[in-house]
Protein chains: 2
Amino acid sequence: MSEKIPTIKEIAQKLNISISTVSRALHDHPSIGLRTKMQVQKLAAEMNYEPNQTAIQFKQGKTFTIGLILPNLMEEYFSLAINGVEQVALENNYNVLIGQSHDDLEREQKILDTMRRHRVDGVLVSISKQTNSIGHFEQLEKYNIPVVFFDRVPNVPHIHSVWCSLYDSTIDALELLFKKGHRRVAYIQGPLSLNIKNERLEGYYEAHKHNKIPINESLIVTTDLSKAVTEKVFEKLMLLKDKPTAILAFNDTVALDTIQYAKKMKLKINKDISVVSYANWPITSYLDYPPIASVEQFPNDQGARATELLFKLLDSKSPEDLVAVGNIVLKSKLIVH
Amino acid sequence: MSEKIPTIKEIAQKLNISISTVSRALHDHPSIGLRTKMQVQKLAAEMNYEPNQTAIQFKQGKTFTIGLILPNLMEEYFSLAINGVEQVALENNYNVLIGQSHDDLEREQKILDTMRRHRVDGVLVSISKQTNSIGHFEQLEKYNIPVVFFDRVPNVPHIHSVWCSLYDSTIDALELLFKKGHRRVAYIQGPLSLNIKNERLEGYYEAHKHNKIPINESLIVTTDLSKAVTEKVFEKLMLLKDKPTAILAFNDTVALDTIQYAKKMKLKINKDISVVSYANWPITSYLDYPPIASVEQFPNDQGARATELLFKLLDSKSPEDLVAVGNIVLKSKLIVH
DNA sequence: AGAATATAAGCAAACGATTGCATAATTTGT
DNA sequence: ACAAATTATGCAATCGTTTGCTTATATTCT
C-alpha cells in the first residue's frame, strides 16, 4: 500500500557510490563522469525519485514560496489579480500562499505572522481597509523579506508598490458626463482611509476645474459600501434642491446598489440619473441598466507586474538594488458601455 | 538594516546551556526546571525568537500545509468554499496552498506535482471538467498523502469525498414549477462528464415520473457553458412545436445567458418563460428578472466539512482508519426568490 | 551518612540535500 | 615509464530542531 519516498541516499547505496556524487549527477555537475551521471539519472527515474523540497528549503534557507495577502477573494477584482500572480510565480517555479484579511487588520497581521514563520521568500499585499500603519510589514523587511504592495497601496514613502492610477480615467469619466450635458455629478466615495491615495476625488476636482464647473461639496458623499448606507446617502442626494443628474460611484457594488434603489424610487436610469463606476464586477453586462461607463483597472496585469517586481527584489541581494527598483504606476482605462 | 534571525543555538549560548534544554524549555517539557524554563522563555521573547518552520517541517516530515485544488477562483462558488477550508485549516494551525486547474487536466496534474514535491500533508480537490481518471491522485495516496474530493467528485469507488446532493432539491424545483402550472420544463445541462454523478438529471426524471408527466427528450439539451452555445440551444428549444414554458438551467451562468437572450427575443420573463437554476452567483439579486428559484449548495459548509474530513484522515495513521471514514453527503436547498 | 530515588540537564544522532575541499583514478605529455 | 595535468569521486560539515538515552545534581528515606 504505502511506499517509502526514495532519497538520494538510497540511490547512492544501490549504486555503491557516495551521496554527493548522486547529488551532483542529478544536477548535471561537470565534475561527474558521463557513465555515472547516466546511471544515476536512470535509476532516479526508475525509483520515481523526487528531491525533498523541505530538505532543500531548509538547507538553502529559501522556500520558493511567496505570500499573497488579499482583502477578499469574493471581489472578482482580486480573483483576477491572483491569476497574474500565479502565472509569474509558476514561471519562476514558485508557489503562492494565499491569505484573506477580510479587511481586518488583526487578521492581516496574523496571516503575515504565519507567512513569516513559514519563511516565505517575499510577500505581495493589497492592504485591508483597516490598515493604518505598516509597521508589521516593515518588520518583515528587517529580516530581508521583501514586500510589494499592490492595488491598495499605503500612502507612505520608501515602499515598493504597483498600482493603477485612476486619476486620468476619472477625468475621462467626468468629461464624458459633462459632454452629455450633465452639470451636477455626485460622487459617492468609499470609506476614507488615510493610507490610500484618493485619486478618484482628485480627478473629480480637476475635471470640474478644467471644465470651469463649480464644485458643490454637498454632491460629495460617503458610504461604507454597505447597501443600507449607500441607499441612505443616495436618497439624501436626490432630496437636494440641486439634485445630481449623474453619479460617479466608488465601485460596482455602490453603483449597483444605487441603480437598484433608483429604480425602486421610480427614477429612469440614463434619463433621470446616469451612473459611472469603477469596474470590479464583470457581471454588470447582465444588467438591464448597467453603468454607462466603467474605469477598468486590469487586475491581472497589476498582479503580474507586482510579482515581477517582487522577483526583481528577490534576485538582488544588495540593499542598494532594493532602493532603486521603486514603484510602478499603471494606467486605467475608461470603458464606455 | 537587516537582522539575523535568532535560533535556539544562540539562546543556548547566551544562557550557557545546551540546545536540547532550550528546545525542551520552549516546549514546556516536564524535565526542565522552572528557573531554567523561565529564563529561556524570557530570553526567547526578548530576542523575538521564532522557531524555524522549515527546519521543523524537515525534521518532522510534515509541512502543516494542505493543498487545495480548484477549477477556478472566478466562480464565486469556489471562493466561498475557500473560506470554509481556510477557517478549519487555521484552527488546526495549517496553511493552505491554493492552485487553480482552470479546468485543464494537464494543469491539474502539474499543480499536484508541485504540491507533492512541496510535501503537502494532504490534498483537497474539486476536479476539473477534463479529469476522466484519478490515477494522479491515487499516486499520492501511495505515499500516504490523503486526498479528499469535494463538490465535483469523481464517480469511482474507494475515495474520500464530500459533496452536496442535488437530487432532492432538483425535485423540489420541478415540483415548484409543476405547481405553478408548467408542464413542459426544459433542462439545459452542462458538459457531460462520465466522472461526476448526474443528480440534476436523475431528479429531473424522478420529478416527472412522480407527477406522471411524460418526459420529452427533446426538452433536454446540452451546453458547454459558453454564451454562444447556450443561446443556440435555447433558440432551438423555443423553435419546438411544444416549446417549454420553463427552464431548469445547469447553473447561473446558463440561467443568465438564457434570460438575457430571452429578453432579446422579446420573450416576457416569468410569463412566456420561467427559469430555475443552481446557485453559483449571489449577484442575481441585482437582476431585474432573476431566476424564480435557485438550488443553494452551501459551499462554505462543504469546504469546511471536507477539510475536517481531511484532518481526520491526517490524524489516523493506521490504514484501517482511513477506509472507515468514507463519504459525506450534504443536502442542498431550494431557495425561492 | 549512605543508598535509593527523583529531578534537571546534556550528548549525540537524525532528517535529506548541498558543497568546499581533499583524494583517487585516469589520461596526457615527454 | 613517470611526472604532471586532468577528470572523477568521496568525506564531512552544515542548516535548526527534536528526542532517546545517558549523566550529573539534588532530594528523600532509613
Residue pair B:M74 / A:N83, side-chain heavy-atom distance below 4.5 Å: yes
Could you go through nucleotides 5-9 of chain D and list every protein N or O atom that sits under 3.5 Å from one of its N or O atoms, giving the distance for each pair?
from: D:dT9; atom 1: OP1; to: A:T36; atom 2: OG1; distance (Å): 2.5
from: D:dT9; atom 1: OP2; to: A:G33; atom 2: N; distance (Å): 2.8
from: D:dT9; atom 1: OP2; to: A:T36; atom 2: OG1; distance (Å): 2.8

Contact check, side chains of A:I5 and A:E50, non-hydrogen atoms, under 4.5 Å: no
B:D113 bridged to B:R116 by N-O distance under 4.0 Å: yes
Check: B:Q100 side chain, B:N72 main-chain N or O, donor-acceptor pair, under 3.5 Å: no
Pairwise 5' ranking along DNA chain C for B:K59 and A:S23, keeping only the more 5' one: B:K59
Any donor-acceptor N or O pair under 3.5 Å, side chains A:T21, A:S18: yes
A:L15 CG - D:dG10 P separation (whole Å): 10 Å
Range on DNA chain C touched by chain A, heavy atoms, distance below 4.0 Å: C:dC15 to C:dG20
Polar contact flag, side-chain donor to acceptor under 3.5 angstrom, A:N95-B:H118: yes
Contact list for residues 124-134 of chain A, test salt bridge (charged side-chain N to carboxylate O under 4.0 Å, His left out), sequence neighbours left out: A:D103-A:K129
Whole angstrom value for the distance that separates P of D:dT14 from CZ of A:F58: 13 Å
Touch class at under 4.0 angstrom, heavy-atom based, for A:I8 against every strand present: base
Salt-bridge contact B:E46-B:K42 (side-chain N to carboxylate O under 4.0 Å): yes
Sugar-phosphate, base or nothing in reach of A:S20, heavy atoms under 4.0 Å: base
Nearest-Å distance for atom pair NZ/C1', residues B:K4 and D:dC15: 11 Å
Atom-to-atom span, CD of A:Q57 to C1' of D:dG16 - whole angstrom: 14 Å
Distance-only donor-acceptor check, side chains B:D121 and B:Y94, under 3.5 Å: yes
Distance, rounded to the nearest Å, where B:I19 contributes CD1 and D:dC15 contributes P: 11 Å
Atom pair distance, as rounded to whole Å: CD in B:E50 and P in D:dG16: 15 Å
